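A quick write-up on the structure given underneath.
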Amino acid sequence: MSQNGYQQGFSANPGAIAYQKRLYPWAIAKLMPSMQRTIVGRFRSRSDADGHLLCLRQLMPQATLVVVFDLQPDLEVPIAAPTAIR
């Protein structure tokens, strides 16, 4: 979504990307099988996200879309293997 603009021009500085993502805490997520999600767009206010959600639901009626408050966007947390108890 080009109107958000938080990803444009910040590819050289990862710290700036993290700061910019915090400015857009509201997101529209597309829910997929196996408890996965894909962020469709990010917004500064809940009302902006709700407005875009209405439009997306008209464009993609078969998709499951929800508005979420996401302060930690797209963090990849490695899952540790379980350890055996001796």
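Atoms considered below: every heavy atom in the structure, side chains included; atoms not considered: hydrogens, waters and symmetry mates. Starting from 1, each residue takes its place in the sequence as its number. From a predicted model like this one, the values you see are computed outputs, not experimental measurements.
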| Are any non-hydrogen side-chain atoms of His52 and Val40 less than 4.5 angstrom apart? | no

| task | Would you mind listing every salt bridge (Lys or Arg N to Asp or Glu O under 4.0 Å) that reaches into residues 48-61, with sequence neighbours excluded? | result | Arg46-Asp50

| Taking every non-hydrogen atom, the tightest pair across Ala49 and Val67 | CB-CG1, 3.9 Å

| request: Please check if Leu56 and Phe69 belong to a single hydrophobic cluster, counting links between Ile, Leu, Val, Met, Phe, Trp and Tyr side chain heavy atoms closer than 4.5 Å. | output: yes

| field | Check against side chain to side chain contact (heavy atoms under 4.5 Å, CB included), Asp70 and Tyr24 | value | CA-CA 8 Å; Asp70 189 15; Tyr24 296 86; over 6 Å; no

| message | Please find the pair of heavy atoms, one from Val66 and one from Leu53, that lie closest to each other, and give the distance. | response | N-CD1, 4.4 Å

| request: Please name the pair of heavy atoms, one in Pro25 and one in Arg44, separated by the smallest distance, quoted to 0.1 Å. | output: CD-O, 4.2 Å

| field | Distance, nearest 0.5 Å, that separates CE of Met32 from CZ of Arg37 | value | 10.5 Å

| remark: Value for CD1 (Ile28) from OG1 (Thr38), rounded to nearest 0.5 Å, stands at 13.0 Å

